[in-house]
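Counting starts at 1 for both ligands and their atoms, in listed order.
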Amino acid sequence: MKARGSARGPLRYPAAMPTISRKAGSFAESVIRDMTRIALQHDAINLAQGFPDFEAPQTLKDAACEALQGGINQYAITWGARPFREAIASKTRRWYPGWAVDPERDITVTCGATEGMMAAMLGILDPGDEIVVFEPFYENYGPDAILSGAVPRYVTLHEPDWSIDEAELRAAFGPRTRGIVLNSPHNPTGKVFARAELELVAALCVEWDAVAFTDEIYEHIVYDGEHIPMATVPGMEDRTVAINSLSKTYSVTGWRVGWVIAPAELSSGIRKVHDFLTVGAAAPLQAAGVTAMQSPDEYYEALTLEYRVRRDLLVAALQESGFRTSIPDGAYYVMTDIRDLTDEDDVTFTRRIAAAPGVAAVPGSSFYAHREPGRTKVRFAFPKRHTTLEAAAQRLRAIRST
Ligand SMILES: Cc1ncc(COP(=O)(O)O)c(C=O)c1O
């Protein structure tokens, strides 16, 4: 860039335009959040971003109002209000007996799982460390790794059942491997990792002294199989960083409250990063989180049951409309193959159907580092009212004729 000058002589410093960092320049804006903007622009039914269009549980809203009115309006302790950490620990023990979680040392409350993953990677990884990420992946993990200076090593989950090729996974581990990201139930495929798969990952983590960063925010949305927390797999409790959140289980994605459970040594790094990133999550919503953690078993049973109905509704509608789909075992997304419907790539197709007939979805390539396998795929989300899904189904049927 040329130095600017004036009649009074040259400026003392070359006046280049300020630029963003190489880190920020090396990843794109979120495609998922972008599709939400496109949905709004076309008044499309938004099956792109995974958030409910139905109300949060009344008990939680009441608890949040009570906390606000009751004076819980100042900073909580940076790593989380004690009653909330205690409630998280006792809920974790209730669901997964044997997983010893110390609320004083092992838990950091964060602004959603999003901050949880970011703070965990920043607190544990060093520049140049390698981190294994299964592909397709939830799009945040790439930028999370880049921001923490780590190098992602992608390992493909193979269709039709999104299985792991053991040789490929083994080949991704090496002396620089410091961690692996594991998201089960999985976004975008709905895969629920089986015990044997977790044991394979665990064996490699032990062999290479790596940490499992597990994103477990869909733990209670499982239709087939069971959610097995990595921390409960033998040998893994001391090398698992379990990330979770209120967002999905309690239908409060806007509250931005999550948490990380990790051994005390790792938690100390996560807590420091978290403190300087955000100081803390919203105090009154942490108070309401105690009520969430005390939800009875029936709450979780109803949640899964309701999501199963929504899943079946959307899968049937997609199949009738000409999409090839895999049927998710967990989480609330359907990954589809569009090759029977169009020759367009995923981005062109999703933009077209958002405009008309007006259904927003996410281009499959945004879940792949090597974009190609995603070009024929599109992801739909179903945390929506039945009426929304039925209206979407009606519109989807129009795609074939356009
Ligand atoms: C796998 C996964 N992790 C994390 C998040 C974000 O979670 P939170 O709202 O707790 O930040 C999402 C949201 O869609 C997700 O699908």
(request) With heavy atoms under 4.0 Å as the rule, classify the contact between I217 and ligand 1 as side chain, backbone, both or neither. (result)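 For I217, only side-chain atoms sit under 4.0 Å from ligand 1.
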(request) Please work out whether any backbone atom (N, CA, C, O) or any side-chain heavy atom from C-beta onward of M117 is under 4.0 Å from ligand 1, and answer side chain, backbone, both or neither. (result) neither
(request) Would you verify whether the NZ or CZ of K191 falls within 45 degrees of the ring axis of F193 while also being under 6.0 Å from that six-membered ring's centre? (result)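 Pair K191/F193 counts as cation-pi.
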(request) For atom 13 (C) of ligand 1, grab the closest protein heavy atom and report residue, atom and distance to one decimal in Å. (result)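 For this ligand atom, the closest protein heavy atom is K248 NZ, 3.0 Å.
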(request) Identify the protein heavy atom lying closest to atom 2 (C) of ligand 1, giving its residue, its atom name and the separation to 0.1 Å. (result) D215 OD2, 3.3 Å
(request) For the pair E390 and R385, find out whether any cationic side-chain nitrogen is under 4.0 Å from an anionic carboxylate oxygen. (result)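 Salt bridge between E390 and R385, a charged N being under 4.0 Å from a carboxylate O: no.
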(message) What I want to find out is whether R324 reaches D340 closely enough, with some N-O distance under 4.0 Å, to be called a salt bridge.
(response)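 So R324 pairs with D340 through a salt bridge.
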Check contact between [X] and ligand 1, using heavy atoms of the residue and a distance below 4.0 angstrom.
X: R256; value: yes
X: F51; value: no
X: Q49; value: no

(request) Nearest heavy atom to atom 9 (O) of ligand 1 wins, so pick from A113, S247, P185. (result)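 Checking each option, the heavy atom nearest atom 9 (O) of ligand 1 is found in S247.
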(request) Carefully, step by step, assess Y333 and Y218 under the rule side chain to side chain donor-acceptor pair (under 3.5 Å). (result) CA-CA 11 Å; Y333 306 96; Y218 298 106; 2.5 Å; yes
Proximal ligand 1 atoms for [X], defined as those under 4.0 Å from one of its heavy atoms:
X: N187; result: 1 (C), 15 (C), 16 (O)
X: G112; result: 10 (O), 11 (O)
X: Y333; result: 14 (O), 16 (O)

Examine [X] against ligand 1 and note whether any of their N/O atoms are separated by less than 3.5 Å.
X: Y141; answer: no
X: N183; answer: no
X: T114; answer: yes

(message) Is any side-chain heavy atom of K384 closer than 4.5 Å to one of R310?
(response) no
(request) Might you confirm whether atom NZ of K272 has over 12 heavy atoms from other residues, nucleotides or ligands at distances under 6.0 Å? (result)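 Counting other residues, nucleotides and ligands, NZ of K272 stays at 12 neighbours or fewer.
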Show me the side-chain donor-acceptor pairs of residues 251-264 shorter than 3.5 Å, one per line, residues at least two apart or across chains.
| unit_1 | atom_1 | unit_2 | atom_2 | d |
| --- | --- | --- | --- | --- |
| R256 | NH1 | T253 | O | 3.0 |

(message) For Y141 and Y154, which I'm curious about, is there any donor-acceptor pair between the side chains at under 3.5 Å?
(response) no
(message) Between E139 and S366, is there a side-chain donor-acceptor contact under 3.5 Å, judged purely by atom types and distance?
(response)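 No, no side-chain donor-acceptor pair sits under 3.5 Å.
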